[in-house]
Amino acid sequence: MTTAKVIDGKAFAAALRTRIGEAAASFAAHTGRRPGLAVVLVGEDPASQVYVGAKGKACEAAGMASFEHRLAADTSEAALLSLIERLNNDPEVDGILVQLPLPAGLNEQAIIAAISPDKDVDGFHVINAGRLAVGQEGFVPCTPLGCIMLLKDQLGDLSGLEAVVIGRSNIVGKPMAQLLIDANATVTIAHSRTRDLADVVRRADIVVAAVGRAEMVRGDWIKPGATVIDVGINRLPPEDGKEKGRLVGDVAYAEAAQVAGAITPVPGGVGPMTIAVLLRNTLVAACHSAGMPAPEGL
Ligand code: NDP
């Protein structure tokens with residue numbers, strides 16, 4: 001029997017997208033142009049193609065302009081850098097996103113470093129990572145920003161709560177920990193070398209799992225009443241007769257839901273927040289570029 005409240009990221013993201021759409025319409029009325037996001041895809045990775053398509057559709061649905069650049073897998077670094085330079089200087093483009101991973105042979109760090117920090121709506125540029133680290137305003141990576149929005153909506157004030165983030169990637173784990181520190185939580189970052197991970201997680205009022213291992217966090221690791229945010233997206237092997245396996249998170253949902261106070265499902269939890277926050281960051285970039293204040297409450 002499920003006892004935890006299910007945190008409906010899909011509904012939260014839909015409401016956020018509606019507010020972003022209204023703000024985008026008001027931006028267009030003031031400036032005579034729509035906020036614009038350029039998405040660059042190099043190569044034909046099937047998952048990346050799906051993500052890029054979804055981002056373009058979400059942009060259009062929110063009243064934003066979407067500029068897709070699909071390049072061949074053998075595109076040279078010089079050609080990609082020159083496209084980014086062009087997008088940096090294009091006044092119609094407010095946000096630039098280069099879909100990762102890039103094909104082997106392209107230096108991801110060099111490519112991200114070439115994006116103007118003011119258009120880096122993914123928040124991966126070292127300037128934006130640095131701004132987050134020192135508490136300055138900048139672009140924050142979309143997935144952890146989506147997670148902190150869900151947490152604040154669920155819990156209100158996070159002051160003094162014990163938070164454990166499992167995973168220390170630059171894209172999720174580290175920025176997540178920074179955002180929790182900013183919200184006055186007491187934060188532990190766990191990773192593959194952490195000893196007694198289950199015991200560490202048992203201390204947590206807030207658990208954020210961003211590992212990439214199917215159902216690794218078990219129900220008996222969760223402190224009763226804790227809030228669990230599951231970032232993981234893992235596909236299980238297909239069951240008999242099925243073409244594709246089920247999608248599951250990093251948390252054993254059925255077990256954890258019997259102990260936790262609230263929990264995000266997979267799918268339908270953190271996933272939908274990521275694209276909604278990308279639109280939010282693009283809108284904020286557009287407002288900055290037009291010298292307008294960013295809309296409040298987004
Ligand atoms: P990375 O592979 O970059 O990082 C994984 C982290 O998990 C590392 O810090 C690693 O530790 C840690 N880890 C690995 N094994 C263990 C273990 N046994 N015990 C404890 N920690 C462990 O992944 P990402 O951060 O990019 O993504 C994490 C997950 O989130 C993936 O499932 C990904 O698909 C999903 N994701 C979902 C998004 C969404 O929109 N919902 C967006 C982005 C990611 P170490 O550093 O020591 O190697």
Side-chain angles (χ1 to χ4, degrees), residues 7-14 16-17 39 45-48 50-55 58 97-102 108-109 112 121-124 129 132 139-151 163-180 187-204 207-218 221-222 228-237 244-253 256 263-281:
I7 300 175
D8 188 347
K10 205 171 159 190
F12 190 99
L16 182 58
R17 280 163 67 157
V39 180
D45 178 69
S48 294
V50 172
Y51 293 145
V52 164
K55 287 167 187 173
L97 179 155
V98 176
Q99 185 66 43
L100 302 179
L102 287 170
E108 272 181 15
Q109 287 309 320
I112 292 169
V121 285
D122 252 343
F124 295 164
L132 179 61
F139 289 112
V140 175
C142 302
T143 300
L145 187 51
C147 292
I148 202 88
M149 285 179 182
L150 291 178
L151 280 168
V164 172
V165 179
I166 320 173
R168 56 173 163 181
S169 71
N170 292 331
I171 292 173
V172 188
K174 281 183 204 157
M176 187 72 237
Q178 310 264 16
L179 289 168
L180 286 160
V187 183
T188 303
I189 306 186
H191 44 74
S192 67
R193 309 292 176 89
T194 297
R195 273 183 278 153
D196 304 323
L197 181 60
D199 280 346
V200 172
V201 174
R202 275 186 202 108
R203 294 205 301 259
V207 181
V208 181
V211 186
R213 287 178 162 242
E215 301 178 324
M216 184 189 82
V217 177
R218 309 310 308 187
W221 298 17
I222 305 295
V228 179
I229 303 290
D230 190 351
V231 181
I233 302 176
N234 311 288
R235 196 171 284 284
L236 295 178
K244 277 185 176 176
R246 268 188 317 123
L247 279 185
V248 295
D250 292 339
V251 178
Y253 182 85
I263 186 167
T264 57
V266 176
V270 173
M273 292 301 292
T274 299
I275 288 188
V277 174
L278 174 66
L279 300 177
R280 180 247 172 228
N281 283 356

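Both counts, for ligands and for their atoms, begin at 1 and track the order of listing.
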Test your reading of the model: is there a side-chain donor-acceptor pair from D45 to the backbone of S48, 3.5 Å cut-off?
yes

Considering all heavy atoms of both residues, which atom of V217 and which atom of A209 are nearest to each other, and what is their separation?
CG2-CB, 4.3 Å

among protein heavy atoms, the one nearest atom 44 (C) of ligand 1 is V172 CG2, 4.0 Å

Whether the side chain of N234 engages the backbone of E215 through a donor-acceptor N/O pair (distance < 3.5 Å, no angle test) should be reported.
no

Atom 2 (O) of ligand 1: closest protein heavy atom, distance to 0.1 Å, is V211 O, 4.3 Å

When you measure from atom 3 (O) of ligand 1 to every protein heavy atom, which one gives the shortest distance, and what is it?
S169 CB, 3.4 Å

Which atom pair, heavy atoms only, marks the closest approach of V200 to R195?
CG2-O, 3.9 Å

If we ignore hydrogens and angles and just use 3.5 Å, is the side chain of R246 paired with the main-chain N or O of L236 as donor and acceptor?
no

Could you tell me, atom by atom, which parts of ligand 1 come under 4.0 Å of a heavy atom of V231?
30 (O), 35 (C), 36 (N), 37 (C), 41 (N)

Number the atoms of ligand 1 from 1 as they appear, then name those within less than 4.0 Å of a heavy atom of G167, with their elements.
6 (C), 7 (O), 9 (O)

Tell me whether D122 contacts the main-chain N or O of P141 through its side chain, where contact means a donor paired with an acceptor under 3.5 Å.
no

Under a 3.5 Å distance rule, please check whether E108 uses its side chain to pair with a backbone N or O of L102 as donor and acceptor.
yes

On a heavy-atom basis, which atom in I275 and which in A58 lie closest, and how many Å separate them?
CG2-CB, 3.5 Å

Residue and atom name of the nearest protein heavy atom (relative to atom 42 (C) of ligand 1), distance in Å to one decimal
T143 OG1, 3.2 Å

Side chain or backbone, does T274 bring an N or O within less than 3.5 Å of an N or O on ligand 1?
yes

Are any of the N/O atoms on I233, whether in the backbone or the side chain, positioned under 3.5 angstrom from an N/O atom of ligand 1?
yes

Identity and separation of the nearest protein heavy atom to atom 15 (N) of ligand 1
R213 NE, 3.3 Å

of all protein heavy atoms, closest to atom 46 (O) of ligand 1 is R168 NE, 2.7 Å

Checking the side chain of T143 only, and the main-chain atoms of T274 only, is there a donor and an acceptor separated by less than 3.5 Å?
no

Applying a 4.0 Å heavy-atom criterion (strictly less than), which segment of M216 is in contact with ligand 1: side chain, backbone, both, or neither?
side chain

for atom 29 (C) of ligand 1, nearest protein heavy atom and its distance come out as G212 N, 3.7 Å

Yes or no: does G173 have any heavy atom under 4.0 Å from an atom of ligand 1?
no

Rounded to the nearest 0.5 Å, how far apart are OG1 of T194 and CG of D199?
12.0 Å

Using a 4.0 Å cut-off to any heavy atom of G271, which atoms of ligand 1 qualify?
41 (N)

Nearest to atom 48 (O) of ligand 1, what protein heavy atom do you find, and at what distance?
S192 OG, 3.6 Å

